[in-house]
Amino acid sequence: KKENNIAKEYIFEVNKNYSNGKPFIDNLNLFIYQNNENLLNAINSGLLDGTGYLDNTYFSKIENKNYNILKKDLPNIYMLSFNINKNTFLASKENRLFLNNLINKDDLINNVLGNYYSKEDVFLPTDTNKYYINTEGKKDIIKNTEINISTIDTNETKKVAEKIKEYFENNGIITNINLYSINDLNDIIKNRNFEILLYGSIIEKDIGLYSFWHSSQRTAPGMNITNYVSKKLDENLILLKDEVNKEKRKQLLINIEEEL
């Protein structure tokens with residue numbers, strides 16, 4: 001079913017000729033809502049048996065007590081992607097690490113995201129202390145530095161972006177937030193037309209790193225959206241795809257992280 005040429009509902013019918021017999025579910029309807037408010041109204045009205053997503057800021061507004069909120073770890077990683085070709089300040093690895101250290105991830109998770117996320121300092125399980133940058137020593141260098149953060153226009157990402165802006169501006173970095181619809185943001189990602197992108201990606205296995213960081217993937221539809229190019233990194237990513245030895249894979253992952 002459609003409304004204003006936009007899909008609103010899918011109705012699935014039982015395949016009575018299925019080789020393993022008739023399915024146990026007789027009726028399955030999939031409803032599509034354009035925003036959290038409409039989804040919340042459907043939940044409170046008892047129209048749905050469940051939903052795969054609702055902004056956590058709406059959980060306290062659920063009036064229908066027949067629903068339970070279940071937590072499950074997902075492979076979604078929300079991160080900041082730095083486009084080193086769009087801002088000279090971001091071209092320096094030390095500057096990127098400096099920005100990373102300004103973000104209080106525990107504060108973000110507990111006070112902005114309702115403690116429904118877990119922290120990932122880096123992609124890979126290595127010693128993060130070696131990436132510490134003295135923020136005090138950087139403050140004179142970053143005076144008048146200006147950066148732009150692009151993200152999707154949702155309640156949750158706006159809150160996260162505003163908090164990151166607060167962290168940066170408390171340390172003298174002028175920070176602008178650009179909010180876009182999903183369609184406009186997809187075009188921006190496709191054209192690599194951003195400085196810093198706050199967005200989510202799905203990385204289920206370490207071999208998925210190839211798609212995000214190999215230089216061959218730096219143009220659309222490739223996922224190396226930061227345009228990062230490194231011959232050494234490319235070599236390690238290719239080796240990682242084919243290596244089966246656990247210890248050798250661990251060393252390759254360490255090499256990749258150090259390069260990034």
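Since the structure is predicted, the reported quantities are computational estimates derived from the model, not experimental observations.
- Between K105 and N100, the side chains place a donor N or O and an acceptor N or O closer than 3.5 Å (distance only, hydrogens not considered).
- The shortest side-chain heavy-atom distance between E146 and I173 does not fall under the 4.5 Å cut-off.
- If you take CD1 on I177 and CD1 on I164, they are separated by 8.5 Å, rounding to the nearest 0.5 Å.
- Residue N35 places its CG atom among more than 12 non-hydrogen atoms of other residues, nucleotides or ligands, all under 6.0 Å distant.
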Run the numbers on I196 and L90 for side-chain contact (heavy atoms from CB on, under 4.5 Å), then give the verdict.
CA-CA 9 Å; I196 299 177; L90 300 175; 3.8 Å; yes
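- Residues N64 and N44 have side chains that never bring a donor and an acceptor to within less than 3.5 angstrom of each other.
- Rounding to the nearest 0.5 angstrom, the gap separating the CG atom in L39 from the CZ atom in F31 is 12.0 Å.
- Side chain of N95 to backbone of F89: a donor-acceptor contact under 3.5 angstrom is found.
- To the nearest 0.5 Å, atom NZ of residue K248 and atom CD of residue Q251 are 11.5 Å apart.
- Within the 4.5 Å cutoff, no side-chain heavy atoms of Y33 are placed close to those of L40.
- Proximity of E9 to I11: side-chain heavy atoms (C-beta onward) are separated by under 4.5 Å at one or more points.
- There is a path of hydrophobic side-chain contacts, each under 4.5 Å, that joins L102 to V112.
- Here the closest non-hydrogen pair linking I152 and T157 is O-OG1, 2.6 Å.
- Side-chain atoms of L97 and K93, non-hydrogen and from C-beta on, do get closer than 4.5 Å to each other.
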Go through it in stages, so that I can follow the logic: the residues are I103 and L80, the test is side-chain contact (heavy atoms from CB on, under 4.5 Å), and I'd like the CA-CA distance, side-chain angles, deciding distance and then a yes or no.
CA-CA 11 Å; I103 299 173; L80 292 179; 3.5 Å; yes
Might you work through the side-chain contact (heavy atoms from CB on, under 4.5 Å) test for N186 and I182, ending with a clear yes or no?
CA-CA 6 Å; N186 283 337; I182 183 64; 3.9 Å; yes
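- Counting non-hydrogen atoms of neighbouring residues, nucleotides and ligands closer than 6.0 angstrom, the CG atom of N245 exceeds 12 such neighbours.
- D187 has its side chain out of reach of N193: every pair of non-hydrogen atoms, C-beta onward, lies at least 4.5 Å apart.
- Using modelled atom types, one side-chain atom of E169 and one backbone atom of T175 make a donor-acceptor pair closer than 3.5 Å.
- In this structure, the side chains of L252 and E243 come closer than 4.5 Å at one or more pairs of heavy atoms.
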Between L54 and I62, is the side-chain contact (heavy atoms from CB on, under 4.5 Å) condition met? List the steps.
CA-CA 10 Å; L54 179 68; I62 297 177; 4.0 Å; yes
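- No side-chain donor from either of N38 and Q34 sits under 3.5 Å from a side-chain acceptor of the other.
- To the nearest 0.5 Å, atom CG of residue N36 and atom OG1 of residue T51 are 9.0 Å apart.
- The closest side-chain donor-acceptor pair between N83 and E195, if any, does not fall under 3.5 angstrom.
- Residues N29 and Y10 form no side-chain contact, since every pair of their non-hydrogen atoms from C-beta on lies 4.5 Å or further apart.
- Taken from CG in N110 to CG in D107, the straight-line distance is 7.5 Å, to the nearest 0.5 Å.
- Here ring pair (Phe, Tyr, Trp, His ring centres under 6.0 Å) pairs that include residues 144-198, with residues two or more places apart or in two chains, number zero.
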Does E166 form a salt bridge (charged side-chain N to carboxylate O under 4.0 Å, His left out) with K163? I'd like the steps, not just the answer.
CA-CA 5 Å; E166 179 183 318; K163 194 64 177 178; 3.3 Å; yes
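- Take N20 and apply the side-chain contact (heavy atoms from CB on, under 4.5 Å) test, not counting sequence neighbours, and it matches Y18.
- At distances below 3.5 Å, not a single donor-acceptor pair connects side-chain atoms of R249 with backbone N or O atoms of V244.
- Connection of I109 to Y78 is established within a shared hydrophobic cluster, with ILVMFWY side chains joined at heavy-atom distances below 4.5 Å, either directly or through further cluster members.
- I149 and I174 are not part of a single hydrophobic cluster, where members link through side-chain heavy atoms under 4.5 Å apart.
- Residues V229 and L233 are members of separate hydrophobic clusters, defined by side-chain heavy-atom contacts under 4.5 angstrom among Ile, Leu, Val, Met, Phe, Trp and Tyr.
- Taking NZ from K232 and CD1 from I256, the interatomic distance works out to 11.0 Å, rounded to the nearest 0.5 Å.
- Counting heavy atoms of neighbouring residues, nucleotides and ligands inside a 6.0 Å radius, atom CD1 of I25 does not exceed 12 of them.
- Within the structure, the ring pair (Phe, Tyr, Trp, His ring centres under 6.0 Å) test picks out the following pairs touching residues 34-70 (sequence neighbours left out): F59-Y116.
- Taking 4.5 Å as the limit, every side-chain heavy atom of T151 sits out of range of all side-chain heavy atoms of L197.
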